[in-house]
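Notes follow the structure.
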Amino acid sequence: MVKNVVLKLVLAVGLVIAGASTVSAQGLVPPPKKEQTKPSKPSTANQRGKTSSSGKVKDLKEAFNKGDYKKCFELANQLKEHAAAQNYLAIMYADGLGMAQDYAEAARWFRKAAEQGDETGQCGLGRMYATGQGVAQDYAEAARWYRKSAEQGNAAAQWSLGLLYTYGEGVAQDYAEAARWFRKSAEQGHADAQYDLGVIYHNGQGVAQDYAEAVRWFRKSAEQGNADAIKVLKDMGEW
């Protein structure tokens, strides 16, 4: 039996986006946000505008997923007031996709999306503060932005906030809170959160120690290909 499993010292490297088929080197793929409908019937002009914007966002996503960063950059600049476009610009600057890598620019574009209330932008900005890329490292700010995103149901932000509670970075250390956020993320299928929730149960941190429950969550993570979960299960004789 493994006596102690240590949570991975990783801070917010994955943004899980429904429907995204490509993951960048940093794991930050912004989504094309759905257009918000208003209670009143929009005018024909407004409908045409929304259709045009929605179509361009779709083209933006397709260009990104195909690796056509030049076209993606051009489309994103045409839609630069749109949160999805701001997120794409942020990740291209963060990863140096089709342009020189520039974390400060990445943080600037994530902030624009975040300040519109976009959960991906909030999570991305939280990551920049957690890693100190493009901004001065500030775990309290990271926690603030992760929380905004996590409360909107963003699985990556929930996982990341759980990590901050685990290590007491930017928030008071609280294993029970860490477990709560890991669970919210894990239940959405986030493989790293599933692994870390398994660790929490294995070590009895913030929850009653329960090896069977630990194995259950490790297995869910391992079935998604998580190498750490597979290794732990092998060490436990469960894989």
Side-chain angles (χ1 to χ4, degrees), residues 12-103 105-128 134 145-146 148-160 185 188-192 224-225:
V13 296
L15 293 180
V16 178
I17 306 302
S21 61
T22 300
V23 178
S24 74
Q26 297 290 344
L28 296 172
V29 178
K33 302 296 285 185
K34 293 181 179 179
E35 294 293 335
Q36 299 297 313
T37 57
K38 296 181 179 180
S40 57
K41 184 177 179 180
S43 68
T44 303
N46 284 342
Q47 287 179 325
R48 283 199 299 267
K50 286 189 176 183
T51 300
S52 175
S53 175
S54 178
K56 285 184 178 180
V57 170
K58 182 179 178 181
D59 291 343
L60 178 60
K61 176 185 175 182
E62 289 178 355
F64 184 90
N65 287 349
K66 289 177 181 177
D68 188 348
Y69 302 121
K70 181 179 179 181
K71 181 178 179 181
C72 187
F73 183 77
E74 290 172 353
L75 288 169
N77 272 291
Q78 292 174 27
L79 295 166
K80 59 186 178 182
E81 299 306 315
H82 194 294
Q86 292 165 350
N87 285 325
Y88 277 110
L89 285 167
I91 188 53
M92 286 191 288
Y93 276 113
D95 281 1
L97 301 175
M99 63 188 68
Q101 189 174 54
D102 188 330
Y103 290 126
E105 273 297 284
R108 186 172 75 87
W109 285 107
F110 273 136
R111 188 181 303 279
K112 285 179 178 289
E115 289 176 348
Q116 290 194 58
D118 179 82
E119 66 181 70
T120 300
Q122 291 167 344
C123 190
L125 185 57
R127 177 188 179 278
M128 304 306 278
W145 287 108
Y146 281 149
K148 287 178 180 290
S149 182
E151 288 174 349
Q152 293 193 65
N154 186 288
Q158 292 167 345
W159 170 62
S160 302
S185 181
Q188 293 194 62
H190 193 288
D192 288 318
Q224 294 195 64

Can you give me every donor-acceptor pair (side chain of residues 106-113, partner residue at least two apart or in another chain, under 3.5 Å) with its distance?
from	atom 1	to	atom 2	distance (Å)
Arg108	NE	Glu105	OE2	2.8
Arg108	NH2	Glu105	OE1	3.0
Trp109	NE1	Glu105	OE1	3.4
Arg111	NH2	Tyr129	OH	2.6

Heavy atoms, side chains only, cut-off 4.5 Å: are Gln78 and Lys56 in contact? yes

Contacts of Gln224 meeting side-chain hydrogen bond (donor to acceptor under 3.5 Å, both in side chains) (sequence neighbours excluded), chain-then-number -> Gln194

dist Leu75:CG -> Lys61:NZ (nearest 0.5 Å) comes out at 14.5 Å

Do Phe64 and Tyr69 have ring centres separated by under 6.0 Å? yes

Looking only at heavy atoms, what is the nearest atom pair of Leu125 and Ala114, with distance? CD2-CB, 4.1 Å

Please report the shortest heavy-atom distance between Tyr93 and Ala100, naming the atom on each side. CD2-O, 4.1 Å

Can you name the nearest heavy-atom pair linking Ala155 to Ser185, along with the distance? O-OG, 2.7 Å

pair Gln122-Asn154: side-chain heavy atoms closer than 4.5 Å: no

Is the shortest heavy-atom distance from the side chain of Trp145 to the side chain of Cys123 under 4.5 Å? no

Distance (rounded to the nearest 0.5 Å) between Asp68 CG and Leu60 CG: 11.0 Å

Exercise: identify the closest heavy-atom pair between Ala76 and Ala85: O-CB, 3.6 Å

Test of understanding: with side-chain hydrogen bond (donor to acceptor under 3.5 Å, both in side chains), list the residues that count as partners of Gln116, not counting sequence neighbours. Gln86

To the nearest 0.5 angstrom, please state how far the OH atom of Tyr103 sits from the CE atom of Met128. 7.0 Å

